[in-house]
Student: 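One structure, pasted below without further comment.
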Amino acid sequence: MTAVRSLLFVAWLYLSMALFAVGLSPALLLPYRAAMWVIRSWARFILFGLRWIAGVRVEFRGLEHRPEGASLLAGKHQSMLDVIAPFAVLPDNCFIMKKELLPLPFFGWFAWKTGMIAVDRSAHSKALKEMVRQARARHAQGRQILIFPEGTRAPVGAPPDYKPGIAALYRDLDSPCTPIATNSGVHWPAHGFRRYPGTVVYEFLPAIPAGLKRAEFMALLEERIEGASTRFLSSSSDKPF
């Protein structure tokens, strides 16, 4: 039954991409907030289907710590869902993404229109400087910048590997950083099509104040994200393993 429900949800996911991206493509000709409305509506549509088709409920905790103006957020990355879900609760979110995705029809066009921060990760130090430059511009626009410090999706239980990009943004923007913990990979794994029933939790944790030394900031960020994410795993009674 899980496999059948998972396949039905995957169909829902990709058909909805076509429906929203193609059917609402005129939003690309309007100010960027119209395209953001399309993305936020699509994110909520996906969460609806995830719950009623695949049996996966998404719960947002710590919303009192959710920033609304110009801000920096750093999230645990275990699943494609981590890119989708924040649009349901953040008013003007933009995230760090691979530059290779920009040429994709519709997906890339909406990402470009809404000012997502596209980075060529193969460019190393040049990519880091370009990411900081774009982030500075988005921050000045009052947007919420979301980065996944590990850079890519990691399987549940994998040792954390936090990259220097988050430290560069934290230093350059001189901004508090709001950590986000999750257990998304339990129910929407990094690889494969199966979605496992249960509750995905996203928790906004208290912001780390600006101005800390790099080593102190990185240690505190990892401690908070990993500690809360591990707590979700240990307390989950519906995990599939």
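Counting begins at 1 with the first residue of the sequence.
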Student: Between Arg136 and Asp172, is there a salt bridge with N-O shorter than 4.0 Å?
Tutor: yes
Student: Under a 4.0 Å threshold between the charged nitrogen and the carboxylate oxygen, would Arg133 count as salt-bridged to Glu130?
Tutor: yes
Student: If you take all heavy atoms of Met17 and Met80, which pair is closest and at what distance?
Tutor: CE-CE, 3.6 Å
Student: Parallel, tilted or perpendicular: which one describes the rings of Phe60 and Phe204, with boundaries at 30° and 60°?
Tutor: tilted
Student: Can you confirm whether Cys94 sits close enough to Gln144 that some side-chain heavy atom of one is under 4.5 Å from a side-chain heavy atom of the other?
Tutor: no
Student: State whether the number of non-hydrogen atoms from other residues, nucleotides or ligands found under 6.0 Å of Lys163 atom NZ is greater than 12.
Tutor: yes
Student: Under the side chain to side chain contact (heavy atoms under 4.5 Å, CB included) rule, what do Asp92 and Arg33 come out as? Steps first, then yes or no, please.
Tutor: CA-CA 9 Å; Asp92 201 4; Arg33 289 193 180 276; 3.6 Å; yes
Student: Counting C-beta onward and ignoring hydrogens, is there a side-chain heavy-atom pair between Lys99 and Val119 closer than 4.5 Å?
Tutor: no
Student: Is the Phe45 to Trp12 ring centre distance short of 6.0 Å?
Tutor: yes
Student: Checking side-chain polar atoms at under 3.5 Å, does Glu226 have a donor or acceptor matched by the opposite partner on Tyr162?
Tutor: yes
Student: Is any side-chain N of the basic residue among Arg214 and Glu216 closer than 4.0 Å to the acidic one's carboxylate O?
Tutor: no
Student: Between Phe193 and Leu7, is any pair of side-chain heavy atoms under 4.5 Å apart?
Tutor: yes
Student: Check the pair Glu64 / Arg66 against salt bridge (charged side-chain N to carboxylate O under 4.0 Å, His left out), numbers first and verdict last.
Tutor: CA-CA 6 Å; Glu64 67 274 17; Arg66 170 188 51 179; over 6 Å; no
Student: Rounded to the nearest 0.5 Å, what's the gap from CD1 on Ile208 to OG1 on Thr178? Could you check?
Tutor: 8.5 Å
Student: Side chains of Arg195 and Arg5: closer than 4.5 Å at any heavy-atom pair?
Tutor: no
Student: Indicate yes or no: at least one non-hydrogen side-chain atom of Leu102 is less than 4.5 angstrom from one of Met97.
Tutor: yes
Student: Taking NZ, NE, NH1 and NH2 as the nitrogens, is one of them in Arg231 or Glu203 under 4.0 Å from a carboxylate oxygen of the other?
Tutor: yes
Student: Is any side-chain heavy atom of Phe48 closer than 4.5 Å to a side-chain heavy atom of Ile53?
Tutor: no
Student: Any chance you could measure Ile180, atom CD1, to His65, atom NE2, to the nearest 0.5 Å?
Tutor: 12.0 Å
Student: Please determine whether side chain to side chain contact (heavy atoms under 4.5 Å, CB included) holds for the pair His139 and Ile145, giving the CA-CA distance in whole Å, both sets of side-chain angles, and the decisive distance to 0.1 Å.
Tutor: CA-CA 7 Å; His139 194 265; Ile145 300 167; 3.9 Å; yes
Student: Assess, by modelled atom type and distance only, whether the side chains of Asn183 and Tyr202 contain a donor and an acceptor separated by less than 3.5 Å.
Tutor: no
Student: Using every non-hydrogen atom in the two residues, find where Val38 and Ala27 come nearest and quote the distance to one decimal.
Tutor: CG2-CB, 3.8 Å
Student: For the backbone of Gly108 and the side chain of Lys113, can you confirm whether one donor and one acceptor N or O come within less than 3.5 Å of each other?
Tutor: no
Student: Are any of the side-chain heavy atoms of Ile166 and Cys177 separated by less than 4.5 Å?
Tutor: yes
Student: Of Ile225, Val200, Leu81, Val58, which is the lone residue that meets side-chain contact (heavy atoms from CB on, under 4.5 Å) with Thr182?
Tutor: Val200
Student: Answer whether the closest heavy-atom distance between the side chains of Met218 and Glu222 falls below 4.5 Å.
Tutor: no
Student: Can you tell me which residue among Trp52, Tyr196, Trp188 is in a ring pair (Phe, Tyr, Trp, His ring centres under 6.0 Å) with Phe9?
Tutor: Trp188
Student: For Ala35 and Phe110, which heavy atoms make the closest approach, and how far apart are they?
Tutor: CB-CD2, 3.9 Å
Student: Should Ser175 and Tyr170 be marked as a side chain to side chain contact (heavy atoms under 4.5 Å, CB included) after you check the CA-CA gap, both sets of side-chain angles, and the distance that decides it?
Tutor: CA-CA 6 Å; Ser175 170; Tyr170 173 76; over 6 Å; no
Student: Measuring from atom CG of Leu169 to atom CD1 of Ile96, what distance do you get when rounded to the nearest 0.5 angstrom?
Tutor: 5.5 Å
